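Here is the naming used below: chain letters follow the sequence lines, and residue numbers restart at 1 for every chain. In this text the structure is predicted, and so the values were computed from the model without any measurement.
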There are 2 protein chains.
Amino acid sequence: MIELRHLRYAVAVAEEGHITRAAAGLGIQQPPLSQQIRALETAIGAPLFRRQPRGVELTAAGRAFVDRARLILRDVDLAVEAARRTSRGEEGQLAIGFTSSAAFHPFVTGVMREMRERAPAITLSFEEASTGELIEAVEADRLDAAFVRSPSERLEGLTITHLLDEEMLVAVPDHHPRARKDTRRRISLAALADEPLILYRRPTGPGLYDSIIAACRAAGFSPKVAQEATRMVSTLSLVAAGLGISIVPESMARLETTGVAYLRLDRAAGLVAPLALARKKGPASGTLGRLLGIVSRRVKDRAGA
Amino acid sequence: MIELRHLRYAVAVAEEGHITRAAAGLGIQQPPLSQQIRALETAIGAPLFRRQPRGVELTAAGRAFVDRARLILRDVDLAVEAARRTSRGEEGQLAIGFTSSAAFHPFVTGVMREMRERAPAITLSFEEASTGELIEAVEADRLDAAFVRSPSERLEGLTITHLLDEEMLVAVPDHHPRARKDTRRRISLAALADEPLILYRRPTGPGLYDSIIAACRAAGFSPKVAQEATRMVSTLSLVAAGLGISIVPESMARLETTGVAYLRLDRAAGLVAPLALARKKGPASGTLGRLLGIVSRRVKDRAGA
DNA sequence: CAAAATGCATATCTATTGGATATGGATCGA
DNA sequence: TCGATCCATATCCAATAGATATGCATTTTG
């Protein structure tokens with residue numbers, strides 16, 4: 001059976017044109033090298049070297065073989081390197097999901113940008129869905145990780161890492177009486193008891209929706225849900241159209257939203273939009289490990305700052 | 001040190017998704033296979049397989065490696081095959097030379113055509129030169145073989161194989177008085193004693209030139225050499241222009257030669273153009289062996305016919 | 001021209017290691 | 001819970017890669 005050893009030896013002998021010298025270079029003695037070369041020639045069934053009085057030289061068949069052997073040896077090194085890089089998470093692919101409200105958060109976009117820079121050989125794929133759908137996708141290994149909101153339910157088999165809590169803002173039409181007043185003043189949730197509320201809710205699973213309803217109840221009223229939108233951005237359009245007000249994560253205020261004004265909520269409302277990363281329990285793959293590294297470093301930096 | 005064995009094993013395990021089953025397929029037991037896989041993983045420095053309760057499955061790094069390993073194993077087979085084919089003379093290159101007078105001989109063109117058909121993977125290269133130059137090129141290994149005329153000098157280190165003797169014809173302008181008579185009748189060399197002779201001679205080395213002069217002397221006269229041309233074809237042009245007559249190998253008569261008529265010579269003239277193959281002494285390379293095989297078969301066929 | 005040197009091949013021995021057998025331990029299905 | 005499945009570990013054996021010693025052919029050198 002031909003082994004890489006035979007290729008390495010044949011290449012060395014071809015380069016030296018000399019068995020004894022090649023043996024020295026390979027760190028073995030001359031006789032074993034002679035034997036291995038002969039064994040290779042026998043396996044191939046053709047002489048690769050012409051034995052000259054002052055050394056050896058390649059036959060035409062030898063040249064054909066050695067030229068290819070060189071490439072093969074290089075390919076083996078490349079294969080090993082590829083495996084190492086893949087293992088270290090510098091190469092491969094990573095499927096990431098996020099809820100629409102997380103997609104615009106600077107933390108998430110920052111992580112993504114850093115991934116692109118630090119590991120350009122990783123092919124990233126993104127998916128937007130509701131928290132519930134994302135959790136399901138992660139469980140089913142369709143996603144490697146997902147940025148989700150309100151990790152309320154602790155799911156078996158998943159690791160959910162809390163990243164940060166984001167303030168929530170009240171979005172009101174800009175002609176709304178409250179938008180006229182000092183927008184820096186915080187208002188209480190209760191002050192919005194009579195306003196028609198527009199909420200974002202995906203067909204499936206939990207999300208910010210429930211947190212908002214719960215917070216209103218805690219503030220002593222039951223919100224009047226005027227509309228439900230399936231995309232977060234449409235929520236804001238409806239607000240701009242004057243159909244009601246809404247409560248959205250702070251990062252949403254970054255979107256171009258003419259016709260919408262944002263009001264800060266009283267801290268007592270206790271309404272925050274948590275951002276968390278969900279992934280399968282167990283050791284992370286190389287590419288996922290790479291992502292986790294970046295995420296945890298940024299969480300730490302954030303805490304320090 | 002990573003060996004092809006490791007690649008073969010990794011590919012087998014990846015394909016079966018099962019160490020025990022793969023071991024059976026490889027004709028070894030399960031424990032050594034487990035060991036070899038582990039050794040490979042250690043050498044690479046990354047796990048290639050995830051041990052599952054019901055078998056094993058590739059990690060991302062494993063997939064990256066095994067995909068390449070498959071190609072490498074195929075390349076090794078291809079390298080072996082290429083060496084075998086080259087050795088058998090089905091592949092490689094062959095530099096062949098011939099004198100201008102041999103280039104048109106049907107024997108030579110026939111051999112070349114057969115080479116192309118039988119061993120299309122051999123890259124043929126041709127060179128035209130005088131017999132002397134060709135002999136030199138063969139000695140210096142710039143040519144693998146050469147079709148030459150008059151192997152008069154036995155050169156040390158070369159094997160010169162006589163292939164056939166070709167009749168020589170007298171080329172005369174078609175308005176020449178002799179061309180009017182019965183062209184099938186043979187004439188004697190002596191009858192041409194008074195004709196101005198146009199001969200072909202390369203700057204270097206012996207050739208047909210000397211044979212012709214010698215034959216004339218044997219016929220009892222010294223030829224009047226009117227012109228010397230450096231290309232055989234120009235010789236015929238000069239004949240057509242009426243500058244004199246010439247003596248050329250029969251195969252030259254195949255060229256389109258308006259204005260030239262050919263006369264057969266008396267056998268007593270003993271003027272023949274021998275065709276021989278010159279090559280280095282010693283065992284022939286694969287590609288050259290291929291040529292020699294075709295040549296010798298055709299010589300034999302010719303003798304039989 | 002003889003002697004030394006060079007360089008591959010052969011012969012024999014040793015040490016490494018690939019592979020076999022036996023067994024343990026974890027997980028899964030009945 | 002018991003047996004089946006399947007990988008890992010431990011130990012042993014056998015094949016073979018490689019070491020040492022030597023032979024043989026050719027070439028260089030004094």
Legend entry - Separation of atom CZ in Arg50(A) from atom P in dG7(C), rounded to whole Å: 19 Å
Pairs under 3.5 Å (N/O, protein and nucleotides 19-29 of chain D):
{"unit_1": "dA19(D)", "atom_1": "OP2", "unit_2": "Gln29(A)", "atom_2": "N", "d": "2.7"}

Legend entry - Pair listing, side-chain hydrogen bond (donor to acceptor under 3.5 Å, both in side chains) test, anchored in residues 52-63 of chain A, at least two apart: Arg50(A)-Glu57(A)
Legend entry - Any donor-acceptor N/O pair, Asp75(B) side chain to Ile72(A) backbone, under 3.5 Å: no
Inset, instruction - Determine yes or no for a side-chain-to-main-chain donor-acceptor pair under 3.5 angstrom, with Ser87(B) supplying the side chain and Ala83(B) the backbone. - result: no
Legend entry - Distance below 4.0 Å between Arg38(B) side-chain N/O and dA8(D) OP1 or OP2: yes
Legend entry - Spacing between His18(B) atom NE2 and dC28(C) atom P, to the nearest angstrom: 14 Å
Inset, instruction - Could you check how far CD of Glu3(B) sits from P of dG19(C), rounded to whole Å? - result: 11 Å
Inset, instruction - Check the side chains of Glu90(A) and Thr86(A) for a donor-acceptor pair under 3.5 angstrom, ignoring hydrogens and angles. - result: no
Inset, instruction - Starting at atom CD of Gln36(A), determine the distance to atom P of dA9(C), rounded to an integer number of angstrom. - result: 13 Å
Legend entry - Interatomic distance, Arg8(A) CZ vs dG18(D) C1' [rounded to whole Å]: 16 Å
Legend entry - OP1 or OP2 of dT10(C) under 4.0 Å from side-chain N/O of Ser34(A): no
Inset, instruction - Would you tell me if any nitrogen or oxygen in the side chain of Thr20(B) comes within less than 4.0 Å of OP1 or OP2 on dT5(D)? - result: no
Inset, instruction - Might you confirm whether atom CZ of Arg116(A) has over 12 heavy atoms from other residues, nucleotides or ligands at distances under 6.0 Å? - result: no
Legend entry - Nearest-Å distance for atom pair CD1/P, residues Ile19(B) and dT5(D): 17 Å
Inset, instruction - Check whether any side-chain N or O of Arg84(B) sits under 3.5 Å from a backbone N or O of Ile44(A) as a donor-acceptor pair, and report yes or no. - result: yes
Inset, instruction - Give the minimum heavy-atom separation between Ala39(B) and His6(B), together with the two atoms involved. - result: CB-NE2, 4.5 Å
Inset, instruction - Starting at atom CE of Met1(A), determine the distance to atom P of dA17(D), rounded to an integer number of angstrom. - result: 12 Å
Inset, instruction - Look at all strands and tell whether Tyr9(B) reaches a base, only sugar-phosphate, or nothing, counting heavy atoms closer than 4.0 Å. - result: sugar-phosphate
Inset, instruction - Can you tell me the distance, in whole Å, between the NE2 atom of His6(A) and the P atom of dA17(D)? - result: 6 Å
